[in-house]
Amino acid sequence: MLDFAIFAVTFVIVLIGAVLYLYPSSRRASGVPGLNPTEEKDGNLQDIVNKGSLHEFLVGLHDEFGSVASFWFGGRPVVSLGAVDQLRQHINPNWTTDSFETMLKSLLGYQSGSGVGVTESMIRKKVYEGAINKTLENNFPLLLQLVEELVDKWASYPKSQHTPLCAHLLGLAMKAVTQLAMGSRFRDDAEVIRFRKNHEAIWSEIGKGYLDGSLEKSSSRKAHYESALAEMESVLKSVAKQRAGQGSSQSSFVNYLLQANLTERQVMEDGMVFTLAGCVITANLCIWAVHFLSVSEAVQDRLYHELVEVLGEEPVSLEKIPQLRYCQQVLNETVRTAKLTPMAARLQEVEGKVDQHVIPKETLVIYALGVVLQDADTWSLPYRFNPDRFADESVMKSFSLLGFSGNQACPELRFAYTVAAVLLSTLVRRLRLHRVEGQVVEARYELVTTPKDDTWITVSKRN
């Protein structure tokens with residue numbers, strides 16, 4: 001299953017580390033064109049570092065060698081796929097393991113789905129997805145309230161005031177995820193601030209040590225990371241114990257996991273995955289969507305008219321969101337243009353073949369999603385923000401294949417889409433969004449693509 005093909009990406013470096021640990025080095029030549037190792041020990045690691053990110057390295061790799069290319073990570077060959085046709089050959093819709101969960105849990109030292117039977121893994125995954133869906137259904141009024149509070153705050157600003165998107169929308173994501181996942185305890189701002197501090201300490205280090213070894217070389221950084229992780233685990237365990245004693249009337253994510261008879265340890269692990277990934281994915285989808293609307297008046301006006309036509313003056317509801325088709329197109333185009341998650345990865349479980357190239361068993365295969373999302377053969381004028389492209393059924397099929405839409409989309413992304421739809425439906429009907437003249441927004445391609453610096457807009461009230 002491709003759930004992770006989207007977000008597993010965020011932890012591709014982690015998977016590389018896990019592969020190197022779990023499997024002996026294989027030096028079988030794959031016959032795939034690509035780079036020779038720059039150094040025997042590190043392979044092409046220094047080339048990746050020199051490019052600034054793995055995504056930027058993959059862009060250059062595929063420009064030089066085509067849609068199927070190889071490089072070396074340490075003494076191990078890696079194959080990267082950078083076009084829709086090649087991904088279609090490799091993706092198996094019947095995969096039962098969730099690569100995102102596997103990679104993130106490997107980093108955190110938790111048992112991943114690969115360590116249990118197929119049936120147990122599928123049941124656990126369904127419990128996790130069902131818990132997120134039920135949490136949204138039963139806490140939608142709370143989500144709407146949090147969004148309205150933020151929009152009220154923006155509406156009070158004079159038009160000349162610059163609004164910092166990253167700071168405010170990360171705050172919204174943190175509040176939404178913590179309160180929906182762990183309940184009323186996180187209505188206390190002090191609890192949210194404490195959570196945010198630990199979340200940032202953990203997320204900023206995920207994957208970094210596997211890429212450059214810097215975490216292991218810095219005892220202070222490693223101690224800070226481990227302390228933050230231990231504190232978050234302690235909080236999640238405490239919440240699980242507290243919620244277990246309150247019966248089945250509670251409707252938080254943790255409660256739904258408990259109702260499925262998961263152990264305290266399993267509840268803590270799934271809670272960690274959801275809160276870590278859910279916050280970052282939700283925040284950055286919202287940040288990029290609002291930014292793109294602020295620089296595209298025509299798209300903003302068209303979205304406004306759809307919202308008025310479908311919703312009138314009523315608040316958005318969970319049932320109405322599927323009717324907001326243009327809003328969905330805006331969010332799809334946001335994911336594509338921002339390259340929200342620029343890569344995914346899978347371990348080749350059995351020998352496979354893409355085009356004429358044989359991929360040996362236990363080869364790490366990277367899905368260069370950031371390359372594919374900007375491929376002119378798949379997307380017309382790929383660098384232009386154009387939600388209309390998603391009115392084309394063939395475009396939606398390609399997007400779904402990559403794991404960004406439909407049943408293939410991971411639950412954290414579906415959660416983020418819901419939060420973003422609530423935000424846009426509330427915000428755009430009340431306020432006009434304006435770009436800040438002279439502002440240049442550059443992307444940082446890390447685990448999830450984020451702006452390098454805080455992004456600013458101004459707002460004005462609609463007549």
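Source: prediction; values computed, not measured. Computed over heavy atoms, backbone and side chain alike; hydrogens, waters and symmetry mates excluded. One-based numbering along the sequence shown.
Going from atom CD of E205 over to atom CD1 of I202 covers 10.5 Å, rounded to the nearest 0.5 Å. With rounding to the nearest 0.5 angstrom, the CG atom of N139 is 10.5 Å from the CD atom of E137. In this structure, L285 CG and L413 CG are separated by 7.0 Å, a value rounded to the nearest 0.5 Å. Taking CZ from R302 and OG from S296, the interatomic distance works out to 11.0 Å, rounded to the nearest 0.5 Å. In this structure, CG in D454 is found 7.5 Å from CD1 in I287, a value given to the nearest 0.5 Å. Once rounded to the nearest 0.5 Å, the distance linking CG of D47 with CG of L54 reads 11.5 Å.
The backbone N or O of H357 sits nowhere less than 3.5 Å from a side-chain atom of D355 that would complete a donor-acceptor pair. With hydrogens and angles disregarded, a donor-acceptor distance shorter than 3.5 Å links the side chain of T275 to the backbone of M272. Panel note: side chain Q300, backbone L433; a donor-acceptor pair is recorded below 3.5 Å. Here the side chain of Q179 pairs no donor or acceptor atom with the backbone of L142 at under 3.5 angstrom. The closest donor-acceptor contact from the side chain of Q348 to the backbone of T363 lies at 3.5 Å or more, if one exists at all. Proximity of a side-chain donor or acceptor of E306 to a complementary backbone N or O of R325 within less than 3.5 Å is detected. Formation of a donor-acceptor pair under 3.5 Å by the W379 side chain with backbone atoms of V372 is found in this model. W288 contributes a side-chain N or O that, together with a main-chain N or O of T449, makes up a donor-acceptor pair within less than 3.5 Å. Distance alone, capped at 3.5 Å, places no donor-acceptor pair between the Q328 side chain and the P322 backbone.
When the shell of 6.0 Å around CD of E226 is examined, it contains more than 12 heavy atoms from other residues, nucleotides or ligands.
For Q374, the side-chain contact (heavy atoms from CB on, under 4.5 Å) partners at least two apart in sequence or on another chain are R336, K339, Y383. Taking I193 as the reference, nothing meets the side-chain contact (heavy atoms from CB on, under 4.5 Å) condition, with sequence neighbours excluded. Residues meeting the side-chain hydrogen bond (donor to acceptor under 3.5 Å, both in side chains) test with H62, sequence neighbours left out: S80. Applying the salt bridge (charged side-chain N to carboxylate O under 4.0 Å, His left out) test to R196 and every residue at least two apart in sequence or in another chain returns E200. Checked against ring-ring contact (aromatic ring centres under 6.0 Å, His included), F385 has the following partners two or more places apart in sequence or in another chain: F292. Contacts of E297 classified as side-chain contact (heavy atoms from CB on, under 4.5 Å), with partners at least two apart in sequence or in another chain: none. Listed by chain and number, the residues in a side-chain hydrogen bond (donor to acceptor under 3.5 Å, both in side chains) with H199 amount to none (sequence neighbours excluded). K134 is linked by a side-chain contact (heavy atoms from CB on, under 4.5 Å) to N138, Y256, counting only residues two or more places apart in sequence or in another chain. Judged as a side-chain hydrogen bond (donor to acceptor under 3.5 Å, both in side chains), and not counting sequence neighbours, the contacts of E56 are S53. E233 pairs by the side-chain hydrogen bond (donor to acceptor under 3.5 Å, both in side chains) definition with Y110, not counting sequence neighbours.
V419 and C286 get closest at one heavy-atom pair: CG1-SG, 4.3 Å. In plain terms, the two heavy atoms of L143 and A176 that are nearest each other are CD1-CB, 4.1 Å. Here the shortest heavy-atom pairing between T334 and A289 reads CG2-N, 3.4 Å. In this structure, F57 and N44 approach most closely via the heavy-atom pair CZ-CB, 4.4 Å. V299 and L293 make their closest contact through CG1-CD2, 3.7 Å (heavy atoms, listed as atom of the first residue, atom of the second, distance). Looking at every heavy atom in both residues, P451 comes nearest to R444 through O-NH1, 3.6 Å.
In this structure, D375 and V84 have side chains that are not in contact, with every pair of non-hydrogen atoms separated by 4.5 Å or more. D63 places none of its side-chain heavy atoms less than 4.5 Å from the side chain of V371. For the pair F195 and C279, the minimum side-chain heavy-atom distance is below 4.5 Å. Residues L276 and L108 have side chains in contact (heavy-atom distance under 4.5 Å, counting atoms from C-beta outward). Q323 places none of its side-chain heavy atoms less than 4.5 Å from the side chain of L311. Two residues are said to be in side-chain contact when any heavy atoms from C-beta on lie closer than 4.5 Å; T458 and Q161 fail this criterion. In this structure, N50 and Q46 have side chains that are in contact, with non-hydrogen atoms separated by less than 4.5 Å.
No salt bridge links K153 with E149; every basic N to acidic carboxylate O contact stays at or beyond 4.0 Å. A salt bridge links R124 with E269: the distance from a Lys NZ or Arg NE/NH1/NH2 to an Asp or Glu carboxylate oxygen falls below 4.0 Å.
Residues Q89 and D85 have side chains that never bring a donor and an acceptor to within less than 3.5 angstrom of each other. In this structure, a donor-acceptor pair under 3.5 Å is absent between the side chains of Q266 and Y128. Side-chain contact annotation: E333 with N386, donor-acceptor N/O pair under 3.5 Å absent. Y367 and H90 are linked by a side-chain donor-acceptor pair at a separation below 3.5 angstrom, with hydrogens and angles left out of the test.
Sorted by first and then second residue, the pairs that involve residues 420-432 and meet side chain to side chain donor-acceptor pair (under 3.5 Å), not counting sequence neighbours, are D152-R430, D301-R432. Residue pairs meeting the ring-ring contact (aromatic ring centres under 6.0 Å, His included) criterion with at least one partner in residues 416-446, sequence neighbours excluded, are H55-Y445.
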Apply the test side-chain contact (heavy atoms from CB on, under 4.5 Å) to residues L331 and L424: give CA-CA distance (whole Å), side-chain angles for both, the deciding distance (0.1 Å), then the verdict. CA-CA 10 Å; L331 294 176; L424 296 187; 3.9 Å; yes

Test side-chain contact (heavy atoms from CB on, under 4.5 Å) on T135 and S252; report intermediate values, then the result. CA-CA 6 Å; T135 299; S252 72; 5.9 Å; no

Would you sort out whether N332 and M396 count as a side-chain contact (heavy atoms from CB on, under 4.5 Å), showing the intermediate values? CA-CA 9 Å; N332 288 344; M396 279 304 303; 3.6 Å; yes

Show your reasoning for whether salt bridge (charged side-chain N to carboxylate O under 4.0 Å, His left out) applies to E191 and R194. CA-CA 5 Å; E191 289 283 358; R194 190 177 301 113; 3.1 Å; yes

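Exactly one of I132, L136, L180 qualifies for a side chain to side chain contact (heavy atoms under 4.5 Å, CB included) with F253. That residue is I132.
In this structure, F415 and F274 have perpendicular ring planes: the angle between them is above 60°, well past the 30° mark. Note on ring orientation: taking the six-membered ring where Trp is involved, the planes of Y157 and H168 are tilted (angle from 30° to 60°).
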